[in-house]
S.K.: 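Below is a structure I'd like to ask you about.
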Amino acid sequence: MIDILLATYNGEKFLANQLYSLLAQTFQNWRVLVHDDGSNDQTIAIIKQFALLEKRIILIEDGIKFGDAAQNFLHLLNKYSNSDYIVFCDQDDIWFESKLQLLYENIKNQQGGCAVYCNAYSYDGVKIIGDNVTSFKRKGLKDSLFLNGGVQGCSLMFNKALKNDIGIYPEFIWMHDHFITIFALTFGKIIYVDASLMLYRQHANNVTGNMNVTMRQRLKSFFNRRNPVIDQNHYDANVSFFSTYKERMDDAQIKLFNSYFLFPRVNLLKRIFIIFKNSFKIGNWSLALFIKTIIRKPIGNI
């Protein structure tokens, strides 16, 4: 069984299309757990209409509101999900019919805590505007700590073993997908499925903002000196993560986290030394992180 965790808020415009795409999945052993965060549009009515037709769509009405998408997703994960596999589902995307099947095929034989993830097409509601929303593949902490984000949450599937290994949650989590990504890289493993299996909708109300999908947009963002190397919110989340789980980490992992934490507190030459001494990268590129370090301030808000 796969739990599809759907955190909603004022999603009436796009929600029905997403739900139709879930119903069309070739892998059918799933249920949708929906928790709304206080919508004041027709979101609840749409969910209830679908739930009348499909018993696997379950609306949880517990009176709890967060005002935060990440906490809404984690509430579903921590309090209500108990299936062998879990996926996060955004309310405004469209999944291709093979998405669950292909992710499941790549995780079903994995032992211990594991997450798998796919890629996506960027979609503006009319046409595809970009290939490969995910530009960087994750292999370990060295190529992920400086990425200021996790694997795209709606592309992830992870198993109950990884969820059960979490135990106590950190005091501060900036985004649910960032937390799961760092946890999987630290205490489990993460596998990339080289396929774009959904349309990631770009619109004015995206929780994480619209992504840079064209090469021109990505280059412009990369060389924007106003952006910091490290986003403050992700830095604080990594500090909280480390504080919670450091007793479970090995010496090499502790060294990597401590070097990352030191980075914004030292001068430029020492920051460059930290990069090369620890083989830190952005994805597979050490040079990209080096250039960012040269042209940007070390830490700030993105």
Side-chain angles (χ1 to χ4, degrees), residues 1-7 17-34 54 56-58 70 73-74 76-77 80-123 128 130-140 144 147 149-166 175-201 208 211 283:
M1 172 75 77
I2 297 174
D3 279 347
I4 302 171
L5 308 185
L6 175 56
N17 284 338
Q18 174 65 297
L19 291 172
Y20 282 126
S21 77
L22 301 186
L23 294 174
Q25 292 297 302
T26 56
F27 186 96
Q28 285 288 300
N29 187 20
W30 53 259
R31 63 176 182 168
V32 181
L33 302 178
V34 189
E54 175 54 71
R56 292 175 297 173
I57 297 176
I58 303 165
F73 275 115
L74 292 172
L76 281 166
L77 176 64
Y80 296 104
S81 177
N82 56 20
S83 292
D84 291 332
Y85 303 97
I86 305 108
V87 294
F88 296 124
C89 178
D90 291 350
Q91 64 186 4
D92 47 9
D93 298 332
I94 298 173
W95 291 6
F96 296 162
E97 61 187 20
S98 61
K99 180 173 186 273
L100 288 181
Q101 185 70 53
L102 289 177
L103 291 177
Y104 172 74
E105 291 296 330
N106 280 273
I107 199 174
K108 66 180 182 180
N109 294 322
Q110 296 296 323
Q111 303 297 314
C114 181
V116 299
Y117 69 104
C118 63
N119 222 311
Y121 295 105
S122 182
Y123 174 64
I128 292 173
D131 298 333
N132 294 333
V133 168
T134 298
S135 302
F136 301 107
K137 315 305 183 292
R138 314 296 184 108
K139 296 180 180 179
S144 296
L147 273 175
V151 168
Q152 191 180 20
C154 50
S155 74
L156 274 168
M157 177 182 290
F158 53 101
N159 57 18
K160 182 188 282 189
L162 189 71
K163 180 207 168 189
N164 289 345
D165 200 29
I166 292 173
M175 290 300 293
H176 56 290
D177 47 10
H178 174 251
F179 168 66
I180 293 296
T181 299
I182 297 300
F183 192 90
L185 290 168
T186 307
F187 300 114
K189 57 183 171 180
I190 195 162
I191 298 169
Y192 175 60
V193 178
D194 190 12
S196 292
L197 300 178
M198 63 183 179
L199 300 179
Y200 177 71
R201 192 186 297 269
T208 55
M211 302 181 70

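For clarity, every value in this text was computed on a predicted model and none was experimentally measured.
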S.K.: Measuring from atom CG of Asp131 to atom CG of Asn119, what distance do you get when rounded to the nearest 0.5 angstrom?
M.R.: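 If we round to the nearest 0.5 Å, Asp131:CG and Asn119:CG are 9.0 Å apart.
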S.K.: Keeping the roles fixed (side chain from Asp3, backbone from Ser83), state whether a donor-acceptor pair exists under 3.5 Å.
M.R.: yes
S.K.: Is there a side-chain contact (heavy atoms from CB on, under 4.5 Å) between Asp90 and Tyr200? Walk through the geometry before answering.
M.R.: CA-CA 9 Å; Asp90 291 350; Tyr200 177 71; 4.2 Å; yes
S.K.: Decide yes or no for Leu197 and Trp95: does some side-chain heavy atom of the first lie under 4.5 Å from some side-chain heavy atom of the second?
M.R.: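 No, their side chains stay 4.5 Å or more apart.
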S.K.: May I ask you to test the Leu5-Val87 pair for a side-chain heavy-atom distance under 4.5 Å?
M.R.: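 Contact flag for Leu5/Val87 side chains = no.
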S.K.: Side chains of Leu23 and Glu54: closer than 4.5 Å at any heavy-atom pair?
M.R.: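 Counting from C-beta outward, Leu23 and Glu54 do come under 4.5 Å.
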S.K.: For residues Arg56 and Gln28, is any side-chain donor paired with an opposing acceptor at under 3.5 Å?
M.R.: yes
S.K.: What I'd like to find out is whether the side chain of Ile180 reaches to under 4.5 Å of the side chain of Ile166, using heavy atoms alone.
M.R.: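 Of all side-chain heavy-atom pairs linking Ile166 with Ile180, at least one is under 4.5 Å.
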S.K.: For a quick test of reading the model, state the closest non-hydrogen atom pair linking Ala184 to Ala115 and the distance between them.
M.R.: CB-CB, 4.2 Å
S.K.: Give me the atom names and distance for the closest heavy-atom approach of Arg138 to Gly149.
M.R.: NH2-O, 3.0 Å
S.K.: Is the side chain of Lys163 donor-acceptor paired with the backbone N or O of Ser81 at a distance under 3.5 Å, no angle test?
M.R.: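 Here the side-chain-to-backbone pair exists.
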S.K.: Testing the 3.5 Å rule here: is there a donor-acceptor pair between the side chains of Ser21 and Gln18?
M.R.: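 Side chains of Ser21 and Gln18: pair found under 3.5 Å.
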S.K.: If you look at every heavy atom in Asn17 and Arg201, which pair is closest and at what distance?
M.R.: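 In terms of heavy atoms, the two residues are closest at ND2-NH2, 4.1 Å.
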S.K.: For Lys137, is the NZ atom crowded, meaning more than 12 foreign heavy atoms sit under 6.0 Å from it?
M.R.: yes
S.K.: Go through the steps for Val116 and Ile190 under the test side-chain contact (heavy atoms from CB on, under 4.5 Å), then give the verdict.
M.R.: CA-CA 6 Å; Val116 299; Ile190 195 162; over 6 Å; no
S.K.: So which heavy atom on Asp93 is nearest to which on Leu199, and how close?
M.R.: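 Minimum heavy-atom separation between Asp93 and Leu199: CB-O, 3.3 Å.
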S.K.: Going from SG on Cys118 to CG on Asp194, what distance comes out if it is rounded to the nearest 0.5 angstrom?
M.R.: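 If I round to the nearest 0.5 Å, the distance is 10.5 Å.
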S.K.: Identify the two heavy atoms, one from Leu100 and one from Gln25, that lie closest to each other, and give their separation to 0.1 Å.
M.R.: N-OE1, 3.0 Å
S.K.: Applying the side-chain contact (heavy atoms from CB on, under 4.5 Å) test to Cys114, which of Asn159, Asn109, Leu162 qualifies?
M.R.: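 Answer after filtering Asn159, Asn109, Leu162: Asn159.
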S.K.: Any donor and acceptor pair, going by atom type alone, linking the side chain of Lys99 with main-chain N or O of Met198 inside 3.5 Å?
M.R.: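 No, the answer is negative, given that no donor and acceptor are paired below the 3.5 Å cut-off.
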S.K.: Just verifying a value: how many Å separate Leu33 CG and Leu6 CG, rounded to the nearest 0.5 Å?
M.R.: 9.5 Å
S.K.: Would you say the ring centers of Phe158 and Tyr85 fall short of 6.0 Å from each other?
M.R.: no
S.K.: Suppose we screen for salt bridge (charged side-chain N to carboxylate O under 4.0 Å, His left out). Which residues come up paired with Lys189, at least two apart in sequence or across chains?
M.R.: none
S.K.: Quick one: are Ile86 and Ile2 in side-chain contact, heavy atoms under 4.5 Å?
M.R.: no
S.K.: Has Lys160 got a side-chain atom pairing as donor or acceptor with Asn82's backbone, closer than 3.5 angstrom?
M.R.: yes
S.K.: Around atom CD of Glu97, are there more than 12 heavy atoms of other residues, nucleotides or ligands at under 6.0 Å?
M.R.: no
S.K.: Is the Tyr104 ring parallel, tilted or perpendicular to the Phe27 ring (thresholds 30°, 60°)?
M.R.: tilted
S.K.: Check Thr26 against Ser98 and note the closest heavy-atom contact, atom names and distance.
M.R.: OG1-CA, 4.0 Å
S.K.: Find the distance between OG (Ser155) and CG (Leu103) and round it off to the nearest 0.5 Å.
M.R.: 8.0 Å
S.K.: Look up atom CG in Leu147 and atom OG1 in Thr134, then write down how far apart they are to the nearest 0.5 Å.
M.R.: 10.5 Å
S.K.: Would you check if Phe183 and Asp165 make a side-chain contact, meaning some heavy-atom pair closer than 4.5 Å?
M.R.: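 Phe183 reaches Asp165 side chain to side chain.
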S.K.: Please round to the nearest 0.5 Å and tell me the distance separating atom CD1 of Ile128 and atom OH of Tyr121.
M.R.: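 Ile128 atom CD1 to Tyr121 atom OH measures 6.0 Å (nearest 0.5 Å).
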S.K.: Would a line drawn from the ring center of Tyr117 to the ring center of Tyr192 be shorter than 6.0 Å?
M.R.: yes
